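A short worksheet on the structure shown next.
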Amino acid sequence: MDRLPRAFYRRDTLAVARDLLGQRLVRVSKGVRVAGRIVEVEAYDGARDSASHAHRGPTERNASMFGPPGHAYIYFIYGMHHCFNVVTEPEGHGAAVLVRSLEPVEGIEGMRARRGGREGRALANGPAKLCYALAIDRTLDGADLVEGEVLWIEREEAVPEERVARGPRVGVRGDEWAVRVPWRFWIEGNPYVSKES
DNA sequence: CTCTCGATGCGCT
DNA sequence: GCGCATCGAGAGA
């Protein structure tokens with residue numbers, strides 16, 4: 001299957017977020033391939049977005065967000081979880097798309113083992129859950145999704161406009177505009193989305 | 001089903 | 001010190 005090319009990621013963050021729906025996130029760990037269909041994402045655009053980790057400019061932690069597009073930005077949160085993002089826009093911009101939920105497609109037994117025997121939608125219906133299911137952690141921060149051999153995204157059929165839902169992002173606090181802006185995208189009615197509404 | 005709360009590391013002020 | 005782009009257990013309805 002074809003991987004999404006660099007040019008896919010080097011676009012407006014909202015367009016990348018919307019177009020990531022339906023695409024296949026692939027992880028190869030210890031020679032085993034695991035994959036899921038992206039069913040829920042959120043856009044974070046540093047320049048104008050107080051909720052983005054890039055809002056206050058580059059630091060050691062968020063360096064990947066300011067690097068070239070098509071790489072992973074992975075951060076550690078709440079002292080125990082990881083979240084996976086895709087870097088967007090031209091290098092230096094500081095924006096990314098958080099992948100929030102996957103519909104498991106390949107290697108489901110392996111996901112189940114890493115998720116303590118859980119099944120179905122519980123395997124990857126949340127940003128930290130999918131990182132456990134796909135064995136994603138900070139060692140993959142900065143990984144190249146276009147040229148790399150451990151993590152990438154393959155082209156699938158686009159989700160039609162009438163199946164794309166949007167709304168406010170989950171877990172964002174503080175600045176009122178950032179709390180309300182509808183930069184969360186998901187596939188309408190898909191049972192693997194973290195939460196409806 | 002819904003709600004509350006504790007866990008736990010670390011970057012930022 | 002504070003607070004975080006979260007999760008899962010436990011309680012109650």
Side-chain angles (χ1 to χ4, degrees), chain A residues 9 12-14 16-18 20-21 25 36 38-67 69 71-89 93-104 111-143 145 151 153 165-187 189 191-197:
Chain A
Y9 302 103
D12 177 83
T13 304
L14 294 178
V16 175
R18 183 253 177 269
L20 277 173
L21 292 177
L25 177 60
I38 297 172
V39 299
E40 179 186 0
V41 298
E42 286 175 358
Y44 288 87
D45 191 356
R48 50 183 171 147
D49 180 4
S50 68
S52 170
H53 291 169
H55 182 61
R56 296 170 195 273
T59 65
E60 189 170 355
R61 180 203 196 198
N62 66 21
S64 298
M65 281 184 92
F66 290 88
H71 287 244
Y73 167 50
I74 296 161
Y75 62 88
F76 186 59
I77 192 68
Y78 293 114
M80 60 189 85
H81 304 307
H82 296 277
C83 292
F84 166 73
N85 300 250
V86 171
V87 177
T88 61
E89 310 268 358
H93 184 100
V97 175
L98 171 70
V99 178
R100 283 195 57 89
S101 297
L102 298 177
E103 176 178 339
M111 293 190 200
R112 185 180 297 169
R114 284 190 284 258
R115 291 283 295 130
R118 291 182 174 78
E119 303 184 39
R121 60 192 303 276
L123 286 175
N125 66 335
K129 296 178 191 178
L130 72 87
C131 285
Y132 290 115
L134 268 56
I136 292 172
D137 62 28
R138 270 178 299 183
T139 65
L140 296 177
D141 182 37
L145 306 177
L151 190 61
I153 301 176
R166 5 177 354 169
R169 295 171 293 185
V170 176
V172 170
R173 276 160 273 203
D175 180 75
E176 189 182 351
W177 179 87
V179 168
R180 298 165 73 104
V181 70
W183 284 1
R184 174 180 178 232
F185 298 81
W186 67 95
I187 299 177
Y192 295 90
V193 168
S194 66
K195 55 181 86 168
E196 291 290 334
S197 96

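What you see is a predicted model; the values in this text were computed from it and never measured. Sequence lines set the chain letters: A, B, ... in the order given, protein chains first and strands last, and positions in each chain run from 1.
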For A/Ala128, answer base if it contacts any base atom (sugar-phosphate contacts may also be present), sugar-phosphate if it contacts only those atoms, and nothing otherwise; contact means non-hydrogen atoms under 4.0 Å. sugar-phosphate
Figure out the CG/C1' separation between A/Leu98 and C/dC4, and round it to whole Å. 14 Å
Mind calculating the distance between OH (A/Tyr44) and P (C/dA5) to the nearest angstrom? 7 Å
Cation-pi check, A/Arg184 to A/Trp186: give yes when NZ or CZ is under 6.0 Å from the six-membered ring centre and within 45° of the ring axis, no otherwise. yes
Within this structure, what is the OH-to-P distance between A/Tyr75 and C/dT6, rounded to whole angstrom? 6 Å
With a cut-off of under 6.0 Å to the ring centre and 45° to the axis, is A/Arg138 in cation-pi contact with A/Phe76? yes
Would A/Arg169 and A/Asp49 pass as an ion pair if we require N to O under 4.0 Å? yes
Here the distance between atom P of C/dC7 and atom CG of A/Leu123, to the nearest Å, is 13 Å
For atom CG of A/Asn85 and atom C1' of C/dT6, their distance in whole Å: 14 Å
Please determine if a side-chain N or O atom of A/Arg115 lies less than 4.0 Å away from the OP1 or OP2 oxygen of C/dG8. yes
Where does the chain A footprint on DNA chain B start and end, counting 5' to 3' with a 4.0 Å heavy-atom cut-off? B/dA7 to B/dT13
Between CE of A/Met80 and C1' of C/dA9 the distance, given in whole Å, is 13 Å
Ring centre gap for A/His53 and A/Tyr75 strictly below 6.0 Å: yes
Looking at C/dA9, I'd like to know if its phosphate oxygens (OP1 or OP2) sit under 4.0 Å from a side-chain N or O belonging to A/Arg118. yes
At under 4.0 Å between heavy atoms, what does A/Tyr78 touch on the DNA or RNA strands: base, sugar-phosphate, or nothing? base
